[in-house]
Amino acid sequence: GENVEQHPSTLSVQEGDSAVIKCTYSDSASNYFPWYKQELGKRPQLIIDIRSNVGEKKDQRIAVTLNKTAKHFSLHITETQPEDSAVYFCAASMDKVIFGPGTSLSVIP
Amino acid sequence: EAGVAQSPRYKIIEKRQSVAFWCNPISGHATLYWYQQILGQGPKLLIQFQNNGVVDDSQLPKDRFSAERLKGVDSTLKIQPAKLEDSAVYLCASSLGLADYEQYFGPGTRLTVT
């Protein structure tokens with residue numbers, strides 16, 4: 001079945017710097033790749049998603065890139081702010097969604 | 001619109017006891033998911049419903065876990081008997097359709113098994 005790996009597991013950046021989180025997936029049939037943000041004690045919330053027919057998508061300070069050949073996709077956050085501190089989960093989906101293990105991002109003021 | 005509702009929010013039980021969780025998805029959402037999230041890990045899909053039919057339950061420990069979706073709306077997840085390793089947050093989510101739609105998560109039920 002599908003397996004999703006995510007790196008790094010923890011990431012610490014200075015406020016204003018960029019953060020990059022990378023994920024790889026195993027099932028080449030996966031066609032939908034969402035990213036969720038989970039703040040401490042709260043529910044996961046979708047922040048951006050990309051479908052397999054698109055290579056890149058951007059929404060303000062957040063962007064996602066997809067390389068289907070290499071089966072990896074990445075989340076890019078620019079101009080990080082303290083409120084970006086959270087756990088970020090990537091996921092890959094064809095008929096069901098498989099989540100990665102998460103990246104704990106800390107933005108230091 | 002109202003979000004996904006779950007109850008109870010917290011539950012503490014002893015091992016070998018039984019427990020049930022309830023979820024009410026967003027109105028009109030055909031797909032409902034139950035996830036188990038152990039502290040420090042990503043959500044693990046337990047079961048996925050499309051209306052009142054099961055789409056995937058490959059990771060549901062069927063010897064102790066069961067789930068149903070009544071009339072294609074509300075859903076219950078039951079554990080009987082509970083084990084210590086079942087301690088986790090149980091998240092319910094719903095979406096308009098299968099897999100490639102945004103999932104909306106409920107607040108979760110934090111289960112502690114002692």
Asks: Under 4.5 Å heavy-atom distance to chain A, tell me which part of B/Val4 shows up: side chain, backbone, both or neither.
Replies: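 For B/Val4, backbone heavy atoms alone lie under 4.5 Å from chain A.
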Asks: Would you compute the distance between atom CD of B/Gln59 and atom CD1 of A/Ile98 and round it to the nearest 0.5 angstrom?
Replies: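 Between atom CD of B/Gln59 and atom CD1 of A/Ile98 there are 5.5 Å.
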Asks: Distance check, rounded to the nearest 0.5 Å: A/Lys96 atom NZ versus B/Asp56 atom CG?
Replies: 3.5 Å
Asks: Sort A/Tyr36 into side chain, backbone, both or neither according to what part of it lies under 4.5 angstrom from a heavy atom of chain B.
Replies: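 For A/Tyr36, side-chain heavy atoms alone lie under 4.5 Å from chain B.
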Asks: If you tally heavy-atom pairs under 4.5 Å against chain B, which of A/Pro44, A/Gly102, A/Ser104, A/Pro101 wins?
Replies: A/Pro44
Asks: Does B/Lys71 NZ have over 12 foreign heavy atoms under 6.0 Å away?
Replies: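 Result for NZ/B/Lys71: open.
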Asks: Take B/Phe105 and A/Gln38 through the side chain to side chain contact (heavy atoms under 4.5 Å, CB included) test and state the conclusion after the steps.
Replies: CA-CA 11 Å; B/Phe105 285 83; A/Gln38 188 174 29; over 6 Å; no
Asks: Once rounded to the nearest 0.5 Å, what's the spacing between atom CD of B/Gln37 and atom CZ of A/Phe89?
Replies: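 Going from CD on B/Gln37 over to CZ on A/Phe89, the span is 4.5 Å.
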Asks: Could you tell me whether A/Gln45 atom CD has more than 12 heavy atoms of other residues or ligands within 6.0 Å of it?
Replies: no
Asks: Looking only at non-hydrogen atoms, find the nearest pair between B/Leu45 and A/Val97 and report the distance.
Replies: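 Taking every non-hydrogen atom into account, CB-O, 4.3 Å.
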Asks: Might you confirm whether atom CG of B/Leu84 has over 12 heavy atoms from other residues, nucleotides or ligands at distances under 6.0 Å?
Replies: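 Counting neighbours around CG of B/Leu84, more than 12 heavy atoms of other residues, nucleotides or ligands fall under 6.0 Å, so yes.
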Asks: Using non-hydrogen atoms and a 4.5 Å limit, figure out which bit of B/Gln41 sits close to chain A: side chain, backbone, both or neither.
Replies: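 Just its backbone gets close to chain A.
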